[in-house]
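Notes to accompany the following structure.
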Amino acid sequence: MQHRVHAVVRRRAALHTLRCFMSLKDRKRFEPSEVEPRIVQRWLDSGLFHPDPEGTAQENFSIAIPPPNVTGALHMGHALNGSIQDTLIRYHRQRGRRSKWILGTDHAGIATQTQVEKRLKEQGTSREEIGRPAFIDRTWEWREEFGGTIIEQFKRLGASLDYEEERFTLDERYVEAVLKVFVDLYNKGWIYRDNYMVNWDPGSGSAISDLEVEEREAHDTLFHIAYPLTDGSGEVVVATVRPETMLADVAVAVHPDDERYQHLIGQTVTLPLVGRELPIIADEYVKTDFGTGCLKITPGHDPNDFEIGRRHGLPELSAIGEDGRMTDLVPRYAGLTVAEAQEAVVADLDAEHRIRARDPYTHTVPFSHRSGQRIEPLISLQWFMKMDELAAPAIQVVRDGRVRIHPESQSRRYVDWLENIRPWCISRQLWWGHQIPVWYRGDETYVGTEPPEGDGWTRDPDVLDTWFSSALWPFATLGWPADTPELRAFYPTDVLSTARDILFLWVARMVMMGLEFTGEVPFEDVYVHSVIQAPDGRRMSKSLGTGIDPLTLIDGGPRPPVFTQGGTFPSYGTDGVRFGLLAMASTQDVRFSEEKVAQGQALANKLFNATRFVLLNVQDGAAPAPAAGPEAPVEDRWILSRLASAKADFAARIDTFDFSKAALGLYDFVYGELCDWYLELIKGREFDAALSGHLLHVVRETLVLAHPVIPFVTEELWENVPGTEGLLAAYVEGPGDGPGRDEAAERDVARVIATVQAVRSWRDAGGVKPGAFLRARLDGLDGLEPLVSRLARLTPVDDGAAEPVAVIPVAGAEVFLLEGVDPAEAAAKIEAARRTLLAEIQRADAKLSNPGFVDKAPAPVVEAERAKLERLRAELEALE
RNA sequence: GGGCGCGUAGCUCAGUGGGAGAGCGCUCGCUUCACACGCGAGAGGUCGCAGGUUCGAAACCCGCCGCGCCCA
């Protein structure tokens, strides 16, 4: 396999080189749009992204992508998480680990069904009209039409996903896994059917789980309603924002310690409009300072009342049905919508003079995360999953570090949530999804992965919560429950990268299911990445119009309205966007920064040109070979040392999921060391065989280093660097490649840099033309004079008698400028420098004469301070 | 109501006990033989406010002000 792949790659590469190499010298800029499509194609053709299922999960590296909604489109979150995961995958592939990034999409029950229903409505029909089988067909068609979009977009991102094995949560084998899990948990008694309070979403006509509910602020009227005591001795006043639910009231509750009402406990009131007699009960839940301190109890339509009702054994009545209309509990209101009923109830109460007050009231109420409609809490017959037994081991694996959550702070949220977990409502009144494998016939119930024998059975019409199937993602995608080679090679996976908002919804559930069904944690590291907000600090969202399309950043196009400056994005290219997003990655939310994307684009272009410079100058036939040994030029040893340092830093940052520093560190190396200094330092040298080989080596290593972050430009350049073979994406680093740090070279070149910067500053202050060479005497540079004089544009002279116009003391050396600076100007600058030095000396002196500091500060700190003082004094002396 | 986090240069963010940093923006200079998406030199900050701990605080502790998120 490996052989075949390489052969194919080599053939293509050869063809490609012919086409492109000639033109590289004329390409002053890296043009992503021209380069990216063919590079993606080469990667895909190579088969590199589809590793054979060999070896063990310990040796291999794998990540399961959080499955995007099948009909979704790439948004900023996908692009960020895609960049993160691809960087990890490419990095570990370079380390020689067989790496698989598992690809697939989610059927996304409610979201997809809603879209298809919307289309049906446009066509003048509905799902009810065409029936369930036809609706399912239409939804599959919809998936055929739009399902490929996001996959293609991931390709554009350079994501090295295994496109050859694309999974879907409704694939036949995946469905088998889902049904098996349901049946197994049912047989364990952990899945059960019950009448229970659920979050009813009128928008989707289905129950939804607690996690799919969001609280929003609402402005309502708080009605104070008088309920007369049955014995006629008075009344109690209850406060409610939902007077229509009073029709299902079963009690009035007061706090047991509330002295105002203690005498009433045990008495009854008569429910207005209905005439039912309601007991007055005592419950600690009631807040004495809210409203009148009397609470109407409606177990059928309020979660808290439901709990109170169960505590007190109260009946559960339903005034509102699943259709969002009033039931015939009170026939007068039957069939009205909730809003109509509220109006009617209030009018009727008014007629009876029962309303004592109306106050404006602002509070938070539940809304459906999916449909955006206000949740109607009601009691419904649903399937639930018991979570306690599943949660305990999932807490344990995080506590004992078998699953590590990054950043650490998120572990606590995870544990807290699992410790307080409640039963999970898993049935949904939808058609698109995994239909619950339960059949009924009369009083009989059958649960199984295959339909029951015999006639007269009807299947439960509900489907499972989408997250039920997602919870199996890391192993069901690899063929579980069958014992497949894929499962053996890639499960458990290594990293799960995701945003904070689905830590409970998805991550915790995968851990629970993974432990229960495979006996192993589904991944070892969970990276919880930042959420990128719009530039104005608001959430990025389509409905707010604050979204930014990653592809518009890549290709260029009009800036969305959140950018107040308007105009258009330039084409930043995929490398720029990937770099920018990684640079924005953090442990907390960040605002989108176009500057970071631009920085990435600049880096790609810089690397392109640096490589071009090298290729334009090296000897023909040169092959990469580092200049080794102490006799090699100091700058050559220096760049190898800096390269080793950059590699070590990059590795450490990837290993600790610090993507921002990994990316920015790369930038600093390429700009701040390779280009600003090293390439400038060698410009005066002859490009002989040794230097050519060395340069090719440095370029090659830099491309390897940068590849996981900016894969396109590095792949493009790799192909043009002599001595490279095959794809950079397939390149595996040998163990301990290259030399390590060289302290002496680092020290020497640091002196060169400091000296050059000091001289440049003087030149600039003196108004010297940048191109002009100034005569100067250099002292104490220990053989580094040629490097300094070239970069600082000095002509060294040996004339000890010449009177300098300025003396620049720096880094233990002195530069005597013999011309170029006006003596008055020089005097002023020297005076300024003197003052700065004196101030610093004073500071250090004060510190060292403070007994507290000398006695209590650690010895190395005191020592460093002494050395500093000495250095400063020497510089001052040189100045005078 | 409970919890978590944030406030550092004009903007976006690093910096978690020992001389305030980066990118962008800004100023000045430069067609220096890879790159003007470039190069060089600069300006710019009582590190939200007020106490405390310490020889020493942007960092640690307490309080306040402002902002965000999660849970109930």
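Every chain is numbered from 1 and lettered A, B, ... according to where its sequence line falls, protein lines coming before strand lines. These numbers come from the heavy atoms of this one structure, side chains and all, not from hydrogens, waters or symmetry mates.
With hydrogens and angles left out, the side-chain atoms of A:Q757 and A:R760 include no donor and acceptor closer than 3.5 Å.
One finds no salt bridge joining A:E870 and A:R873 here, because no Lys/Arg side-chain nitrogen approaches an Asp/Glu carboxylate oxygen to under 4.0 Å.
Residue A:K661 is in sugar-phosphate contact alone, with no base atom involved, counting any heavy-atom pair closer than 4.0 Å across all strands shown. Among the atoms of the strands shown, none is found under 4.0 Å from any heavy atom of A:D501. Using a 4.0 Å heavy-atom distance criterion, A:S409 is classed as making no nucleic acid contact. Within 4.0 Å of A:R763, counting heavy atoms only, lies no atom of the nucleic acid at all. Counting any heavy atom pair closer than 4.0 Å across all strands shown, A:Q601 reaches a base atom.
The aromatic rings of A:F687 and A:F613 stand perpendicular to each other, their planes meeting at an angle above 60°, with 30° marking the opposite boundary.
Close approach of RNA chain B to chain A, defined as any atom under 4.0 Å from a non-hydrogen atom of the protein, starts and stops at B:G3 to B:C70.
Geometrically, A:R509 engages A:W424 in a cation-pi contact, judged by NZ or CZ lying under 6.0 Å from the ring centre and within 45° of the ring axis.
Using N1 to N3 plus N6-O4 or O6-N4 for Watson-Crick, or N1-O2 and O6-N3 for G-U wobble, each under 3.5 Å, B:G7 pairs with B:C65. Remark: B:C47 base-pairs with no nucleotide in the shown strands. Criterion, Watson-Crick or G-U wobble with two distances under 3.5 Å. In a base pair of the Watson-Crick type (N1 to N3 plus N6-O4 or O6-N4) or a G-U wobble (N1-O2 and O6-N3), with each distance short of 3.5 Å, B:A14 is matched with no nucleotide. Within the shown strands, nothing qualifies as a pairing partner of B:U53 under the Watson-Crick or G-U definition with both distances less than 3.5 Å. In this entry B:G19 has no Watson-Crick or G-U wobble partner, no candidate having both defining distances under 3.5 Å.
Distance noted for atom C1' between B:G10 and B:C33: 38 Å (whole Å).
Side-chain rings of A:F569 and A:F563 approach one another, their centers coming within less than 6.0 Å.
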